[in-house]
Peer 1: 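The structure that follows is given in the form of C-alpha cells.
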Protein chains: 2
Amino acid sequence: MKRLKAPHDRGSALGESPGVAGVQIKGRLWLEKDGETFLSWGRVVLLERIRDQGSIAAAARSMGMAYSHAWTLVAGMNRLAGQELVGRTFGGRHGGKAWLTPAGEAAIGQFWVLVEDFRKWLQTRKVEELPKS
Amino acid sequence: MKRLKAPHDRGSALGESPGVAGVQIKGRLWLEKDGETFLSWGRVVLLERIRDQGSIAAAARSMGMAYSHAWTLVAGMNRLAGQELVGRTFGGRHGGKAWLTPAGEAAIGQFWVLVEDFRKWLQTRKVEELPKS
DNA sequence: TAGCGTTATCCTCAATAAAAGATAGCAAAA
DNA sequence: TTTTGCTATCTTTTATTGAGGATAACGCTA
C-alpha cells in the first residue's frame, strides 16, 4: 500500500481563519486523559470508518493505515475511555468484526461538535496589520 | 548544552480545560502564511528573549537552542512578515546585536492576546460524560 | 473439521522536521 | 591593528512516533 500521508502528519489543522495579508490562524484540538491522546481528528475518522465498514481491518485498509496501527489506536481509546468505544469479536465465518458502542457514537458526536465550534470561534478572530517598522 | 526539550516538541499545548473523568481538551494555535508557520508559542518566546537579551545568540543559549536553529526561525519570521520583526547588525565590538522592531513587538502582543482568548474559550468548553455501553 | 478473514500482539522501520555542528565574515572598540 | 562575539550559512545528526511486517489465535459456517 502506498503511503497516503507523511508519517508525522498528525492530521489536518482543525480550523483556520482568513487574515490580513494572507496570514491565517491555525489550530488543532484533541482530548487527553492522563497525558495521553484520547481523541483526535484522525482517531475519530478511524472510528467512523469502523462504524461504516464493520471491522478494524477494513477501516484501516480504507485509510491506507496498517491494521496494527489502527488496532493500537482502538485499544488505546478503549483503555482511556474506561469502557469500550469499539466492540470486537474475533473468530467466526468472517474472522471477526468490530462495531461502535453507544459510547463510541457519543464520542464521535461530541468531538465533531467541539471541532465545529472551534472552527466558528477561529473565524471570529482576525490578525491585525503589523505597524510598518 | 543539554537538550532541554525533545526535538519535536512543538511547544506547550496552548490551553487546556478540566473535564469529566480526567479528560482534558487540549489545543494549539499558530499563525501561518503561505502554508508556512509564521508565529507559534516557541517562536514568540524566542522573540521575547531576543528583546530581553539583545542578541539572537544569547536568546538561543538561554533557551538551550542551537544558534543556527534560532537564526533560521528569525529569518523565516522576517521573511514571512514581509518586514523585519527582528533587526540585526553584525560586526562591532561585541560581534553584533539584534532587537525587536515595533512590528516584532506588535506581533508578540497580538499572539499572546490570541492565546489568552483561546485559553478562555477552552475553559468554556466541557466534555460530556459518555453513556455507559 | 477445514477454511476463512478477522482480532491480538509482537518487533522493526522510516519520514521528516527539529536540532545541532562547523566555520566564515564582519566591524566597532580597545 | 588586534580582539571579540556576534551574524550568516552551510551541512549533518537525531528524535519522534506514525507506520508497517509477520504470525498466532479464534470460532462461525459450510
Side-chain angles (χ1 to χ4, degrees), chain A residues 1-12 28 30 32 35-37 40-43 45-46 49-50 53-79 84-100, chain B residues 1-12 28 30 32 35-38 40-43 45-46 49-50 53-79 84-99:
Chain A
M1 172 74 70
K2 284 284 176 35
R3 182 182 304 292
L4 294 186
K5 36 157 120 180
H8 287 141
D9 183 348
R10 303 278 290 276
S12 304
R28 290 189 65 241
W30 67 97
E32 286 189 6
E36 291 181 82
T37 300
S40 59
W41 184 288
R43 287 167 193 242
V45 169
L46 177 62
R49 301 275 180 128
I50 290 170
Q53 315 221 26
S55 85
I56 297 173
R61 278 196 301 272
S62 79
M63 295 176 73
M65 176 186 291
Y67 167 78
S68 55
H69 183 47
W71 183 89
T72 301
L73 295 177
V74 167
M77 287 188 274
N78 280 350
R79 176 174 53 82
E84 290 192 333
L85 301 188
V86 175
R88 296 166 284 178
T89 57
F90 60 93
R93 184 67 189 91
H94 298 295
K97 59 184 176 179
W99 63 92
L100 285 193
Chain B
M1 172 72 70
K2 285 282 176 38
R3 182 182 307 288
L4 295 185
K5 36 158 122 179
H8 287 141
D9 183 347
R10 303 279 290 275
S12 304
R28 290 189 65 241
W30 67 97
E32 287 189 6
E36 291 182 82
T37 299
F38 170 47
S40 60
W41 184 288
R43 287 167 193 242
V45 170
L46 176 62
R49 301 274 181 127
I50 290 171
Q53 315 220 26
S55 84
I56 297 172
R61 279 196 301 272
S62 78
M63 295 176 72
M65 175 186 290
Y67 167 77
S68 55
H69 182 47
W71 184 89
T72 301
L73 295 177
V74 167
M77 287 187 275
N78 280 351
R79 176 174 52 82
E84 291 193 332
L85 301 187
V86 176
R88 295 166 285 178
T89 57
F90 60 91
R93 182 71 189 89
H94 298 294
K97 60 184 177 180
W99 63 91

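On a predicted model such as this, the values are computed, not experimentally measured, just so you know. When reading the values below, keep in mind they use all heavy atoms of this one structure, side chains included, and skip hydrogens, waters and symmetry mates. Just so it is clear: chains get the letters A, B, ... in the order the sequence lines come, proteins before strands, and each one is counted from 1.
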Peer 1: When the nearest nucleotide of DNA chain C is assigned to A:G96 and to B:T72 on a heavy-atom basis, which residue is associated with the more 5' position?
Peer 2: A:G96
Peer 1: Under 4.0 Å: is that the gap between some side-chain N or O of A:R61 and OP1 or OP2 of C:dT6?
Peer 2: yes
Peer 1: Which heavy atom of A:R43 sits nearest to which heavy atom of A:T37, and what is that distance?
Peer 2: NH1-O, 3.2 Å
Peer 1: Base, sugar-phosphate, or nothing for B:S68, non-hydrogen atoms under 4.0 angstrom?
Peer 2: base
Peer 1: Under 4.0 Å from OP1 or OP2 of C:dA8: is there any side-chain N or O of A:R88 that close?
Peer 2: yes
Peer 1: Considering only C:dG3, D:dC26, C:dA30, which nucleotide approaches the side chain of A:R93 most closely?
Peer 2: C:dG3
Peer 1: With a 4.5 Å limit on heavy-atom distance, are the side chains of A:Y67 and A:T72 in contact?
Peer 2: no
Peer 1: Give one of base, sugar-phosphate or nothing for B:A58, where a contact means two heavy atoms less than 4.0 Å apart.
Peer 2: nothing
Peer 1: Under 4.0 angstrom, heavy atoms only, what part of the nucleic acid is B:A98 near: base, sugar-phosphate, or nothing?
Peer 2: sugar-phosphate
Peer 1: Name the residue closer to the 5' end of DNA chain D, choosing between A:H94 and A:A66 according to the nucleotide with the nearest heavy atom.
Peer 2: A:A66
Peer 1: Does C:dA8 have its OP1 or OP2 closer than 4.0 Å to a side-chain nitrogen or oxygen of A:W71?
Peer 2: yes
Peer 1: Between B:Y67 and D:dT7, do the rings stack, that is, sit under 5.5 Å apart with planes less than 30° off each other?
Peer 2: yes
Peer 1: What contact category does A:T89 fall into here, base, sugar-phosphate, or nothing, at under 4.0 angstrom with non-hydrogen atoms?
Peer 2: sugar-phosphate
Peer 1: Quick one: does B:W99's side chain get under 4.5 Å of B:T89's, heavy atoms only?
Peer 2: yes
Peer 1: Hey, does A:I50 have a side-chain heavy atom less than 4.5 Å from the side chain of A:V74?
Peer 2: yes
Peer 1: Taking the nucleotide of DNA chain C with the nearest heavy atom to each, does A:G92 or A:A57 sit closer to the 5' end?
Peer 2: A:G92
